[in-house]
Amino acid sequence: MNKWTKVLGVVAATAMLVPLAACGGGTRGSTTAGGDGGSGDTVKVGISMPEQMLERWKIDGENLKKQLEGYGYEVTLQYADGKTDLQTSQIQNMANNGMNYVVIASIDGTATGAAAEQVAANGGKVIAYDRLIMNTDAVDYYTTFSLEDVGKMQGEYIEQKLGLKDGQKGPFNVELMAGSPTDNNAGYYFKGAWDVLGPYFKSGVLQSKSGKVPSSADDWQSIGIDNWDRQKAQNEMENRINSFYNDGTKLDAVLAQNDAEATGTYNTVEAAGWDYYPIITGQDAEKANVQAIVQGKQAMTVYKDTRELAKATAEMIKALVDGKEPEAPDTFNNGNKDVPSQLLTPVTVDKDNLKEVLVDGGYISAADAGL
């Protein structure tokens with residue numbers, strides 16, 4: 001199966017960490033459940049999140065923990081501080097502590113495989129959360145958002161704002177950044193965007209003064225930003241702007257594929273002292289980035305309602321505990337197997353619909369949005 005092949009999917013999961021007992025404490029739910037937890041036994045769920053620096057993972061963690069504890073499960077939640085070795089160790093500890101289910105949002109989808117295999121060897125089931133775990137049979141289920149749609153929404157936003165469908169010929173200067181080379185999702189995000197923007201680069205309507213344009217969607221890692229890091233994205237954009245755009249050449253748009261990359265970009269534009277902001281895309285609806293959209297610094301973000309992702313993941317685990325088939329109508333191939341998956345639908349958010357979608361929808365307060 002081609003690595004871009006997805007046989008439909010819908011996935012979601014979110015988790016907040018509670019330290020392992022073996023690692024110094026923990027928050028415990030009570031009660032019991034049957035199914036894979038064992039009739040009359042307490043169901044133990046481990047949650048491994050990649051970090052806490054990005055606000056979205058904190059929100060994911062809080063929502064998933066709340067959902068699972070609402071079912072009476074014993075929850076162990078940990079954050080890996082962006083360190084692959086630490087995440088591996090945390091997951092291995094969860095396996096050794098008898099977790100019936102382990103939800104993993106990987107830092108590195110390939111490196112996490114060995115730890116997932118240890119969970120499976122100890123009799124636990126593994127749910128890949130938002131990021132697929134690659135090249136292993138140990139992944140039982142996957143929850144996420146429709147990945148290519150995220151990138152497609154970003155590409156279509158640039159297409160719309162530059163009037164490309166209406167026949168505007170430019171040429172327009174657009175700089176491209178992709179996500180972390182260790183994140184399997186990043187390739188799907190970029191493919192979605194490239195399917196929209198690639199033909200315009202080929203025709204010459206779009207161009208990049210830096211020359212950092214992949215030869216195809218498969219070459220996305222050549223413009224990837226390690227670990228989706230804001231400072232690394234900022235350093236990259238500083239180099240490009242200082243080298244190619246500080247002579248008065250207009251930068252029309254930047255494909256930033258998450259809000260950290262977007263922040264690094266508009267910080268660079270501010271430091272350059274320009275009297276305008278290019279069209280800057282994003283993803284995750286981080287609080288600071290929502291404010292940046294209100295202020296006109298960032299043009300849009302792709303909103304993924306992690307409350308729904310948490311709900312879908314928790315419901316998947318509950319179905320398994322109850323001995324039922326969970327909702328996972330689609331599949332993603334991880335190099336070893338087609339993983340049963342559930343995909344949720346993301347939403348484009350900009351200044352025009354921000355209040356309706358985020359504030360009225362209860363995701364963020366008007367004050368936190370800067371309204």
Side-chain angles (χ1 to χ4, degrees), residues 2-12 54 56 109 130-132 142-162 164-165 172 174-202 205-206 208 212-228 233 236-237 252-265 278-286 289 293 298-306 309 330 332-333 341 343-350:
N2 182 286
K3 75 176 183 177
W4 297 116
T5 301
K6 77 178 179 196
V7 187
L8 297 180
V10 188
V11 187
L54 283 180
R56 70 146 298 185
D130 202 41
R131 297 173 176 178
L132 188 57
Y142 177 39
T143 58
T144 191
F145 288 83
S146 183
L147 303 178
E148 286 189 28
D149 282 351
V150 172
K152 181 181 178 184
M153 290 172 174
Q154 294 169 337
E156 287 178 342
Y157 196 87
I158 292 173
E159 178 185 53
Q160 173 196 349
K161 292 302 180 180
L162 293 180
L164 305 184
K165 267 194 171 181
F172 298 101
V174 178
E175 293 295 328
L176 306 171
M177 287 187 289
S180 178
T182 61
D183 182 355
N184 179 68
N185 287 10
Y188 289 97
Y189 297 147
F190 187 76
K191 183 181 185 299
W194 187 249
D195 284 349
V196 177
L197 301 178
Y200 294 112
F201 275 96
K202 185 175 181 180
V205 173
L206 299 183
S208 172
K212 294 191 175 184
V213 179
S215 57
S216 70
D218 290 344
D219 189 35
W220 65 272
Q221 290 175 320
S222 66
I223 56 167
I225 301 298
D226 287 343
N227 203 31
W228 298 94
E236 176 64 25
M237 288 309 301
D252 295 289
V254 176
L255 177 71
Q257 295 221 267
N258 82 334
D259 283 347
E261 292 180 354
T263 301
T265 300
I279 299 162
I280 301 171
T281 62
Q283 173 186 182
D284 291 331
E286 298 272 350
N289 296 82
I293 291 172
Q298 182 173 330
M300 65 85 77
T301 190
V302 178
Y303 167 54
K304 302 182 298 186
D305 191 341
T306 55
L309 190 60
D330 309 311
F332 267 89
N333 188 274
S341 303
L343 298 181
L344 302 185
T345 303
V347 178
T348 296
V349 171
D350 65 5

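For the pair Thr306/Arg56, a side-chain contact is recorded, criterion being any heavy-atom separation below 4.5 Å from C-beta on. Annotation: side chain of Thr345 is not in contact with side chain of Asp149 (no heavy-atom distance under 4.5 Å). Looking at heavy atoms from C-beta onward, Val213 lies out of side-chain contact with Leu206 at the 4.5 angstrom threshold. Contact of the Lys161 side chain with the Met300 side chain is not registered, since no non-hydrogen atoms from C-beta on lie closer than 4.5 Å. Within the 4.5 Å cutoff, no side-chain heavy atoms of Val302 are placed close to those of Tyr189.
One distance of note links OG of Ser180 with CG of Asn258; it measures 10.0 Å at 0.5 Å rounding. Atom CG of Asn227 and atom CG of Asp183 lie 9.0 Å apart (nearest 0.5 Å).
Although no hydrogens or angles enter the test, the distance criterion places a donor-acceptor pair under 3.5 Å between the side chain of Gln154 and the main chain of Gly282. Looking only at distances, a side-chain donor or acceptor of Thr301 sits under 3.5 Å from a matching main-chain atom of Gln283.
Contact record, Ala256 with Ile280: CB-CG2, 4.3 Å, taken as the closest heavy-atom pair. In plain terms, the two heavy atoms of Lys212 and Ile223 that are nearest each other are O-CG2, 3.7 Å. Closest approach of Gln257 to Met177, counting heavy atoms only: CG-O, 3.2 Å. Summarising the geometry of Glu261 relative to Trp228, their closest heavy-atom pair is OE2-CE3, 3.8 Å, with the distance given to 0.1 Å. Counting all heavy atoms, side chain and backbone alike, Pro214 lies closest to Phe190 at CG-CZ, 3.7 Å. In terms of heavy-atom proximity, Asp259 sits nearest to Glu286 at OD2-N, 2.9 Å.
Between Leu162 and the choices Ile279, Leu197, Val205, the side-chain contact (heavy atoms from CB on, under 4.5 Å) rule is met once, by Ile279.
Two rings, from Tyr188 and Phe332, have their centers less than 6.0 Å apart.
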List the steps, then state whether side chain to side chain contact (heavy atoms under 4.5 Å, CB included) holds for Glu175 with Thr265. CA-CA 10 Å; Glu175 293 295 328; Thr265 300; over 6 Å; no
Show, in sequence, the C-alpha distance, side-chain angles and deciding distance for Thr348 and Glu156, and conclude whether the side chain to side chain contact (heavy atoms under 4.5 Å, CB included) test is met. CA-CA 10 Å; Thr348 296; Glu156 287 178 342; over 6 Å; no
Side chain to side chain contact (heavy atoms under 4.5 Å, CB included) between Asp284 and Asn289: does it pass, once the steps are laid out? CA-CA 9 Å; Asp284 291 331; Asn289 296 82; over 6 Å; no
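In terms of the ring pair (Phe, Tyr, Trp, His ring centres under 6.0 Å) criterion, residue partners of Phe201 (sequence neighbours excluded) are, by chain and number, Trp194. Judged as a side chain to side chain donor-acceptor pair (under 3.5 Å), and not counting sequence neighbours, the contacts of Tyr303 are Asp305, Arg307. With sequence neighbours excluded, no residue satisfies side chain to side chain donor-acceptor pair (under 3.5 Å) with Thr281.
For Lys152, the NZ atom counts as loosely surrounded, since its 6.0 Å shell holds 12 or fewer non-hydrogen atoms of other residues, nucleotides or ligands.
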